[in-house]
Structures are given as C-alpha cells and as structure tokens.
Amino acid sequence: MLKLEDLLRKALLAAIEQYGVFEEDVDIVLEKPRESGHGDLSTNLALTLGGRLGRKPRELAGEIAAAVSLPREIIASVEIAGPGFINFRIAREHQIDRLLALLRSDGSLAAIKTGGGKRINVEFISANPTGPLNVVSARAGAFGMTLANLLDAIGFDAHAEYYVNDAGRQIKLLGRSLRAHYLQLAGRPVEFPENGYKGRYLEIMAAELLAKDSKAIQEAGAAFDDESFQRIELPCGDAATWGELPEDEAVGCFAKYALMKILGWQRETCRRFGLRFETWYFESELHETRRIERALERLKKQGAVYEQEDAVWFRSTDFGDEKDRVLVRSDGMPTYFLADIAYHYHKFQRGFEHAIDFWGPDHHGYIPRMQGAMKALGVPEGWLEIQILQQVTFLEDGRILDMSKRKGQFVTMDALMDEVGADVAKFLFLTRKPNSHLDFDLDLARQQSDVNPVLKVKYAHARSCSLLKNAAERGVEVGEPTAESLSHLEDESAWAVARELVRLPQVIVSAATSREPHRLTGYALEIATLYNQFYNQCKRILDQDPARRLALLHLSVVTGHVLRKVAELIGIEMPEAMEKRD
RNA sequence: GCGCCCGUAGCUCAGUUGGAUAGAGCAGCGGACUUCUAAUCCGCAGGCCGCAGGUUCGAAUCCUGCCGGGCGCGCCA
C-alpha cells in the first residue's frame, strides 16, 4: 500500500516539475475516495496547485493527468473528475498482489513496521488500590492495551504499565477502614473513620480475615509469585494480634493486607479483560529509592521551586499553568503531584523514547503542571503525551448509574464482564473515539443479539470459516491463494470486499499514529458488512464452476486472516463457529 | 467567572486529519429463508452537521463570537 502511494507521488512530482513545483513545495495527498465510482485512489493536487499557479484546477488536472507516467500493470486508468480531482484506478493484477501481500509474513504488514523498535511506555488504568476495579477503568483498559498492540504492529516496542499508588493517605485510610470493619465484626465498639471506605468488599474481607486469620494472609500472599509483585510483603503476625497493637501499627498491618488482596483482585480482573502489563510500578518504591527527594532537588537546582508558608511550591506558572502548585505540604509530606513527577522522571530515565499516559477527564486540569514539571526537569518537549479519555456513563433501566466508590455503590469491571463478556465490552468501548463521551447502556449490551456489533464481526468470521470447512468436506482442494486463483475474481461484491481488505495496513498505521484505536472496530464492521453482502450476493459459492469457486474461497481465506488480525489487536476472540440460534 | 471536551437522522454514534451527492447501527415501514449457519441481506422514510460570522477553489472538519451540555478549577489523590 505504502509502496504504491510512493510510486504515485513520484510520478506526480515528475509531472508537475514543468510548473517549477518541486517536492519541498507540495504535500501530495492521496486518499481512497468515498465513492468507489471515483476510483481507488485520488489526489487533490490540481486543486491545491491551481490557486498558487493562477490556473483553473480542472484544466491543470487534465495536463497533469496527461503528463503522469505510470506502469499499466499497476495503474489501469487516470481520470479527472469533479472540480479537478485526479482519480487513479488500480489494475486488477496489482490489487491481487496486494491481497496476497496481506498474507505474507514479509508483506504489507511487515512494511508498516517503521518504528525501529523504539521503546514506548503506555500507562493506563493506574487506579488506586483501594477497591476492585471500577467499570470506568474498562474503557482505559481497552484503549491502552489496543494502542500498545497497535504500536507494536507498526514496529515500536510498546510497554504497558500500571502505576500503583500504594503510599500515602488513601492507603492509610484503607487500613483504618478495614480495621474498623474487623473490630466491629469482632464485636468491639470502634468509630468508623471519616470518609472511610464503606464498600461491601471490605466487610467481606474483614469477615474472611476474622474466620481464617493467618491462613487468609498466607493465601493472599501466595497469589503474588511473579517479579512485578516482589514488593508485596505479608503483614507481620496474625490478625488476631493486630487488634491489640497501637492503632498506628495496626493500621499498617491491615493496610498491607488490604492492599495485597485488592491488588490480587485488580490483577486478576486485568487478566480476565486481556490486559497484559509488563510493569506494575509501585509508588512506595519511589519513596524507598529516594527518587522523590531527588526529583525535588533537581527542580530546586533549576530554580523552579520556592518556599512559602512552610510549604514547597513549584513555579508552574512559568510553564503556562494558571497557578503555582504545592510539592511538599507544610506538614512535610510530599504531595501526590511530587510523587507523580518523580515517577514520570524515572520513566524517562528508564530509557523510554516516548511515554503515553491515559487519563480521565477529571485530570485534564493537571496537564499543564505535569508538562511544566517535565520541562523544568529537562525532559524533551513532547516526550510525555497525555491522552484524555472522556467519561463513560453507564445506564440501566434508562437511568444513570452512580459510580462513586466511596458510597460503596458501584459496578465493577468484573460485574461488567459477567454481564456482557469481555469481548463485547471491549469492542463497545472501542467503537467511540477517545474524546467523546460514551453512553454504555447495560441493558442493551446484555442482549446477546444483533444490537451487539461485535457479534456481527464474529459471525462474519465464523461464516468464512464454515464456508472453507464445507468446501473441504465436499472434497474441494482449497490450498493457499495465488495470483492465478484470484485472477478469476469477477463479482463486484467480491471486489468490494477485496478493496477494503487491502486497506488493513493503512488502517493500522492511522489508528496507531492518531491514537484512535476505534478505527479498528469501524474497519472490522465494514469488512463484516461487505463480506455479508458478498455472501448474500454470490449465492451457493460451492456450486459455482471450479475457477470462480476457488477465487471466492480464497477471498474468504484473506477475509478471515484480516479479521483475525484486527481481533488480535483489539484483544478479542474470533471463533470458527458460532452457536446456531433459532 | 476561567480552562478542557462535546453538540451530526427520533436514539446511540461514525465521518479516512480540508474534498466530490454527509454515513452506519438501533427504532419505524415494506421485502428476501427448497440456507454454503437469516446473529444475514435488499428497499423506503428520516438532516438548518447547535447558531452567526470568517479563512479558500472547497468547511461537519480550521479560526472568532455566541447558545446548550459534561468535566475540572485543594497544602485531595
């Protein structure tokens, strides 16, 4: 695909030299016209050039079209149309080559690997470890993972990362909350902490701890066997004795236990959702390795810091923020902001050439100060890229669900997967672009019916598989598609599928570079629709004469391959058969 | 009040980074099952692309100003 565009660009450049226009003067845009009647590729070159040269675009287009020289076996026709578009129609032989190139390991999907193996860090979800993962994290999960997959697909080395805020007030509050639940269950009067976590999960956790005690602790700890979680350590002793400890110490033990349990849940939820994080980065590590102080020192050295009213401030107004921000509170505690600076600075030091963060819309006001801090630390402009994922509103019975964690009334990511399945959820999240709000109607998603676009895609895939299976059962030798077999592709509906299939490399590149993974789902749906149309149009493929039959079967081979490729990027299953529904 | 995001069919949203006659799904109406799996397909109807200016060959897309909605504006995280 890209090679073809280069060829056209070169030819067009040669054709416009006569007007004294050279490569550096123009940006030649080639795109697939919306209407297939307008050819396979189109350029607006004459339109943009017309104004500059003081010529009528349509006339100019005619001249350029006449001057452009292209090999016949690649470009079948060059036409001018509309106000001055130049439209190219790709020769059948070359379209077939492109279809075949999709299947080759050194083909068009290899050609888009232009990232040079550069390491890119993609951080997403990073929810507080104070409860089970909330559904609002699911969208970030789907986007982050798919973007990481896309970056890998274009030749980068993407590194999915989860930041764990396992230090600070929230954790203390978590410990106090669990302790209160535990003591209450043990029949001891205790005041529940203000703003404490009241979710059922903590009551259950407390009950389990009360019933099984050290055994529960051992079990929770045993869940962490891999490297990322070596920081997780068992709390001292057993729960029965924690109640006797001074409150501060007891809180520490309860907090450790709660953290261990909750991280276990969160990790399991991510696994179930198909999210593979290469690193779980713990905030506590930043404290232990003194990176927080070191980041502060560095900011001080740059003169970006001052003291006022016992607190330490970052001069973020120097970097376009609306006010300066506190780094160290007057009680001597570093703020979340400072820890986050240290974390991102360390991310930079770890050798990533680029970092992408996915944040919720409630954090957008945080961007200027974070970017300001990176700049102050000498991190190159643009190194940190922050993507804001807009809000998801969940609807049930036509009403908006309140997702507040604190009130203990929330829908978990696990509940979502129980209800609609991971694939449906992922696909639906990825049908909207990142910066538009998403209404997720649970009643609708629960229906395993045709309102679910993902099923349409899966069905199209299963259909292509069953067609091939039936062919085999009838003794038809299918084998691999070749230029010869596909040369018998005649049906217009089949070519409509083919033309869409060969766009795959471009779709991947554009989805990756624009950070808009939702283009993948749209593409998959388009393929499914076109394939269904084709399937309806070309009745009884297996009863056709052998040459045509083989061409259509081979088109199905490529279709299946492309759908699986997209599914792999999105992280969903593509079944070979669907259960028959009556 | 200031900042960010959004405003496209009755509903939920796409719109290939400024292109040709603005699309899809659902809902509505009418068709196609002696089926290679109908979870499908075909047709009809549905639009002031929030409003008003501007930029240019050309704007749903870019700029400005309004209107409407969401979110944010802590020594919280």
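Everything quoted here is computed from the prediction, not taken from an experiment.
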field: Pair Asp543(A) + Arg474(A), salt bridge at N-O below 4.0 Å
entry: yes

task: Say whether, by atom type as modelled, one donor and one acceptor occur between the side chain of Asp423(A) and the main chain of Ile572(A) under 3.5 angstrom.
output: no

query: Is Lys32(A) touching bases, backbone alone, or none of the nucleic acid, heavy atoms closer than 4.0 Å?
result: base

Show me the side-chain donor-acceptor pairs of residues 425-432 of chain A shorter than 3.5 Å, one per line, residues at least two apart or across chains.
unit_1, atom_1, unit_2, atom_2, d
Lys426(A), NZ, Phe273(A), O, 2.8
Lys426(A), NZ, Gly571(A), O, 2.6
Thr431(A), OG1, Leu428(A), O, 2.7

query: Any side-chain heavy-atom pair from Met578(A) and Leu455(A) closer than 4.5 angstrom?
result: yes

statement: Of the candidates C75(B), A20(B), U12(B), the side chain of Arg432(A) sits closest to U12(B)

message: Tell me every residue that passes ring pair (Phe, Tyr, Trp, His ring centres under 6.0 Å) with Phe124(A), counting only those two or more places apart in sequence or in another chain.
response: Phe277(A)

- request: Look at all strands and tell whether Ala462(A) reaches a base, only sugar-phosphate, or nothing, counting heavy atoms closer than 4.0 Å.
  value: nothing

message: With nearest nucleotide decided by heavy atoms, which residue, Ala167(A) or Lys433(A), maps closer to the 5′ end of RNA chain B?
response: Lys433(A)

For nucleotides 70-73 of chain B, which of its nitrogen or oxygen atoms have a protein nitrogen or oxygen under 3.5 Å away, and what is each distance?
unit_1, atom_1, unit_2, atom_2, d
G70(B), O2', Gln391(A), OE1, 2.9
C73(B), O2', Glu322(A), OE2, 3.3

- prompt: On a whole-Å scale, what distance lies between the P atoms belonging to G74(B) and A59(B)?
  reply: 43 Å

field: Distance, P atom - from A24(B) to G58(B), rounded to whole angstrom
entry: 28 Å

message: Would you say NZ of Lys172(A) has more than 12 non-hydrogen atoms from neighbouring residues, nucleotides or ligands within 6.0 angstrom?
response: no

task: Between G25(B) and U8(B), how far apart are the C1' atoms? Round to whole Å, please.
output: 15 Å

message: Can you tell me how the ring of Phe534(A) sits relative to the ring of Tyr531(A), calling it parallel under 30°, perpendicular over 60° and tilted otherwise?
response: tilted

query: Counting any heavy atom closer than 4.0 Å, what does Asp324(A) reach on the DNA or RNA strands: base, sugar-phosphate only, or nothing?
result: nothing

- prompt: So Glu385(A) and Arg515(A), salt bridge (Lys or Arg N to Asp or Glu O under 4.0 Å) or not? Walk me through it.
  reply: CA-CA 11 Å; Glu385(A) 173 187 334; Arg515(A) 321 298 193 219; 2.7 Å; yes

query: Who pairs with Glu307(A) by side chain to side chain contact (heavy atoms under 4.5 Å, CB included), at least two apart in sequence or on another chain?
result: Val312(A)

- prompt: Which residue pairs pass the side-chain hydrogen bond (donor to acceptor under 3.5 Å, both in side chains) test when at least one of the two sits in residues 460-472 of chain A, sequence neighbours left out?
  reply: His461(A)-Arg564(A), Arg463(A)-Asn532(A)

C1' atoms of C13(B) and C49(B), separation to the nearest Å: 13 Å

message: With a 3.5 Å distance limit and no angle check, can you tell me whether Thr48(A) reaches the backbone of Leu45(A) through a side-chain donor-acceptor pair?
response: yes

- request: Indicate, with a heavy-atom threshold strictly under 4.0 Å, whether Ala577(A) touches base, sugar-phosphate, or nothing.
  value: base

query: Among side-chain atoms of Gln170(A) and Tyr197(A), is any donor-acceptor pair under 3.5 angstrom?
result: yes

message: I'd like the P distance from U12(B) over to A52(B), given in whole Å.
response: 23 Å

Minimum-distance nucleotide to Ala81(A) side chain [options: C13(B), A20(B), C41(B)]: A20(B)

All N/O pairs under 3.5 Å across the protein-nucleotides 55-58 of chain B interface:
none

message: Checking contacts here: which listed nucleotide (C5(B), C75(B), A77(B)) is nearest the side-chain heavy atoms of Glu309(A)?
response: C75(B)

query: Any sub-3.5 Å donor-acceptor pair from Tyr523(A)'s side-chain atoms to Leu504(A)'s backbone N or O?
result: yes

message: Looking at Glu473(A), I want to see if its CD is surrounded by more than 12 non-hydrogen atoms of other residues, nucleotides or ligands under 6.0 Å.
response: yes

query: Would you say Asn134(A)'s side chain and Val136(A)'s backbone share a donor-acceptor pair under 3.5 angstrom?
result: yes

task: May I ask you to decide if the ring planes of Phe440(A) and Phe394(A) are parallel, tilted or perpendicular, using 30° and 60° as cut-offs?
output: tilted

Scan nucleotides 8-10 of chain B against the protein and return all N/O pairs shorter than 3.5 Å with their distances rounded to 0.1 Å.
none

message: How about NZ on Lys375(A), more than 12 heavy atoms from neighbouring residues, nucleotides or ligands closer than 6.0 Å, or not?
response: no

Aromatic stack Phe85(A)/A20(B): centroid gap under 5.5 Å, interplanar angle under 30°: yes

field: Exceeds 12 heavy-atom contacts within 6.0 angstrom, atom CD of Glu492(A)
entry: yes

task: For RNA chain B, list all stems, counting runs of three or more consecutive pairs where every pair is Watson-Crick or G-U wobble with both distances under 3.5 Å.
output: B:1-7 with B:67-73, B:10-13 with B:23-26, B:28-32 with B:40-44, B:50-54 with B:62-66

- prompt: With a non-hydrogen cut-off below 4.0 angstrom, is Lys469(A) in contact with a base, only sugar-phosphate, or nothing?
  reply: nothing

- prompt: In residues 511-527 of chain A, which residues come under 4.0 Å of RNA chain B by heavy atom?
  reply: Ser514(A), His518(A)

query: How far, in whole Å, is G10(B) from G50(B) if one measures between their P atoms?
result: 13 Å

Below 3.5 Å is the cut-off: list the nitrogen or oxygen pairs between protein and nucleotides 59-62 of chain B, distance only.
none

- prompt: Is Cys538(A) touching bases, backbone alone, or none of the nucleic acid, heavy atoms closer than 4.0 Å?
  reply: base

task: Establish, from distance only, whether the side-chain atoms of Gln390(A) and His437(A) form a donor-acceptor pair under 3.5 Å.
output: yes

query: Is there side-chain contact between Asp321(A) and Phe314(A), with at least one heavy-atom pair below 4.5 Å?
result: no

- prompt: Is it true that Lys32(A) and Glu500(A) have a side-chain N and a carboxylate O under 4.0 angstrom from each other?
  reply: yes

query: G54(B) and A20(B): how far apart are their P atoms, nearest whole angstrom?
result: 22 Å

Do any side-chain atoms of residues 329-344 of chain A form donor-acceptor pairs under 3.5 angstrom with protein atoms, and if so which ones, sequence neighbours left out?
unit_1, atom_1, unit_2, atom_2, d
Asp331(A), OD1, Met333(A), N, 2.9
Thr335(A), OG1, Val326(A), O, 3.1
Thr335(A), OG1, Leu327(A), O, 3.1
Thr335(A), OG1, Phe337(A), N, 3.4
Thr335(A), OG1, Leu338(A), N, 3.3
Tyr343(A), OH, Glu161(A), OE2, 2.7
His344(A), ND1, Asp340(A), O, 2.9
His344(A), NE2, Asp357(A), OD2, 2.5

- prompt: Which nucleotide, C42(B), G19(B), A20(B), lies nearest any side-chain atom of His38(A)?
  reply: A20(B)

- line: When Asn536(A) and Arg474(A) are each assigned the nearest nucleotide of RNA chain B, the 5'-most assignment goes to Arg474(A)

message: Pairing donors with acceptors under 3.5 angstrom, does anything connect the side chains of Tyr19(A) and Glu63(A)?
response: yes

field: Inter-nucleotide C1' distance (G28(B), C71(B)), Å rounded
entry: 36 Å

query: Taking the side chain of Thr529(A) as its heavy atoms from C-beta onward, which of C6(B), C41(B), A20(B) lies nearest to it?
result: C41(B)

Positions of residues 326-337 of chain A (non-hydrogen atom under 4.0 Å from RNA chain B), listed by number: Val326(A), Arg329(A), Ser330(A), Tyr336(A)

